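The structure under discussion appears below in the form of structure tokens.
Naming convention: chains lettered A, B, ... in sequence-line order (proteins, then strands); numbering from 1 in each chain. Values below: all heavy atoms of this structure, side chains included; hydrogens, waters and symmetry mates excluded. Keep in mind the model is a prediction, meaning the values are calculated, not measured.
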Number of protein chains: 2
Amino acid sequence: MILSPPAREVMSTDCPWRDVNEMLRLAGLRPTRQRVALSRLLLGKGARHLTAEMLFEEATQARIPVSLATVYNTLNQLTEAGLLRRVCVDGNKTYFDTRVSAHHHFYLENSYELVDIPDLDLKLEEHPRAPDGYEIARIDLIVRLRKIR
Amino acid sequence: MILSPPAREVMSTDCPWRDVNEMLRLAGLRPTRQRVALSRLLLGKGARHLTAEMLFEEATQARIPVSLATVYNTLNQLTEAGLLRRVCVDGNKTYFDTRVSAHHHFYLENSYELVDIPDLDLKLEEHPRAPDGYEIARIDLIVRLRKIR
DNA sequence: TTACGTGCAAATAATTTGCAGTCCC
DNA sequence: GGGACTGCAAATTATTTGCACGTAA
């Protein structure tokens, strides 16, 4: 089930209980303890880029009892529902981005961090038209950065 | 060891024996049976996008006795040497691109195929400047395509 | 000769899945 | 109460590595 953008906008601004519950319900997911807790961690503080392992770690620190498998499942379900976006950087780790609107990324090769590129900095390319018979599903632009010296 | 662009240009245009041998030697790799054979498959016919598994399959069909591990090792060594470029599309498969100069890709989501975007079709974006202290290592642009209907 | 390569099988790493028990509606 | 969800452990997939043997210089 795909959530329409406006619905998402409202829900993710901050993170009071009812909103997360409702968000999950709208996404067709039962608001269980684990899902609610993970959603709050994810969406409670602006744009974030997390791996499953990172979120699991955070949950553990926050004394939220949840298994790694459930973290994976939840991330996949929220992605499915359009509440998260999968970002692939280097093949051996999958990042999940809490900002789902169109935007691009810097990848810091030294620290393995993913950072949003401010829209202002990017007068977007006239992107190529899709070949006949195809439509553009999405455009991923990743600028890989390396520390100088 | 990194090969300078001009050297590469010359070597990869076609694929006579001596050139591949020399190419490998210049890259600091001993031109063994397997490496020579794999290099010819890779570089013998224009731009290609292959996974290790695909190359292994091709080698097997061509009666080239080589192990999957050696295919992986060779791909990594050639990438290291700047003769191939790693492209990450969806996290669970690594593609190797035989074209190492700057260019971008279409990814066909239905067939899991990677295709070069003709340079003509892409008036390149004024790409964002790197933040202070960083330099741009590389820019990856992937336009994901989906078949219409 | 001798260091570098190769093949195989075993090791890793990230992620998924099967299933028995648990919890929301 | 019943189906959806969770946790655990086992399975999968892509890739890497250790080591005995082979081969190019």
B:Met54 vs B:Lys93, side-chain contact (heavy atoms from CB on, under 4.5 Å): CA-CA, chis, key distance, verdict: CA-CA 11 Å; B:Met54 287 162 70; B:Lys93 223 134 215 182; over 6 Å; no

side-chain contact (heavy atoms from CB on, under 4.5 Å) assessment of A:Val71 paired with A:Glu53: CA-CA 8 Å; A:Val71 171; A:Glu53 208 66 57; over 6 Å; no

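Nearest heavy-atom pair, A:Arg35 versus A:Thr74, reported as atom, atom and distance to 0.1 Å: CG-OG1, 4.1 Å. What you find for A:Pro131 and B:Phe106 is that their closest heavy atoms are CD-CZ, 4.0 Å. Shown here for A:Cys88 and B:Gly91, the closest heavy-atom pair between the two residues is SG-N, 3.4 Å.
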N/O-N/O pairs, protein side and nucleotides 11-15 of chain C side, under 3.5 Å:
{"from": "C:dA14", "atom 1": "OP1", "to": "A:Lys93", "atom 2": "NZ", "distance (Å)": "3.2"}
{"from": "C:dT15", "atom 1": "OP1", "to": "A:Thr94", "atom 2": "N", "distance (Å)": "3.1"}
{"from": "C:dT15", "atom 1": "OP1", "to": "A:Thr94", "atom 2": "OG1", "distance (Å)": "2.8"}
{"from": "C:dT15", "atom 1": "OP2", "to": "A:Tyr72", "atom 2": "OH", "distance (Å)": "2.6"}
{"from": "C:dT15", "atom 1": "O5'", "to": "A:Tyr72", "atom 2": "OH", "distance (Å)": "3.4"}

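Between A:Ser67 and D:dG7, a side-chain N or O to OP1/OP2 separation shorter than 4.0 Å is present. OP1 or OP2 of C:dG5 has not a single side-chain nitrogen or oxygen of B:Thr32 nearer than 4.0 Å. A close approach under 4.0 Å does occur between a side-chain nitrogen or oxygen of B:Gln34 and OP1 or OP2 of C:dG7. Residue B:Arg35 has a polar side-chain atom (N or O) positioned under 4.0 Å from OP1 or OP2 of C:dT6. Side-chain N/O atoms of A:Arg25 include none lying less than 4.0 angstrom from OP1 or OP2 on C:dC24. Using a 4.0 Å cut-off, no side-chain N or O of A:Arg33 falls inside it from OP1 or OP2 of D:dC5.
Aromatic ring pairs are classed by plane angle as parallel below 30°, tilted from 30° to 60° and perpendicular above 60°; the pair B:Tyr107 and B:Tyr112 is tilted.
The CG-P distance, from B:Leu29 to C:dA3, rounds to 19 Å in whole Å. A:Leu38 places its CG atom 14 Å from the P atom of D:dC5, with the value rounded to the nearest Å. Between B:Met54 atom CE and D:dA14 atom C1' there is a gap of 15 Å when expressed in whole angstrom units. At whole-Å resolution of the value, CG in B:Asn21 and C1' in D:dA24 are 11 Å apart. Look at CD on B:Glu80: it is 13 Å from P on C:dG5, rounded to the nearest Å. Between A:Arg86 atom CZ and C:dT16 atom C1' there is a gap of 12 Å when expressed in whole angstrom units. Nucleotide D:dT15 holds its P atom 12 Å from the CG atom of B:Leu55, rounded to whole Å. As rounded to whole Å, 13 Å separates atom P of D:dT15 from atom CG of B:Asn73.
Using a cut-off of 4.0 Å between Lys/Arg side-chain N and Asp/Glu carboxylate O, A:Arg144 and A:Asp90 are scored as not salt-bridged.
Nearest nucleotide to the side chain of B:Ala69, out of C:dT6, D:dT17, C:dG5: D:dT17.
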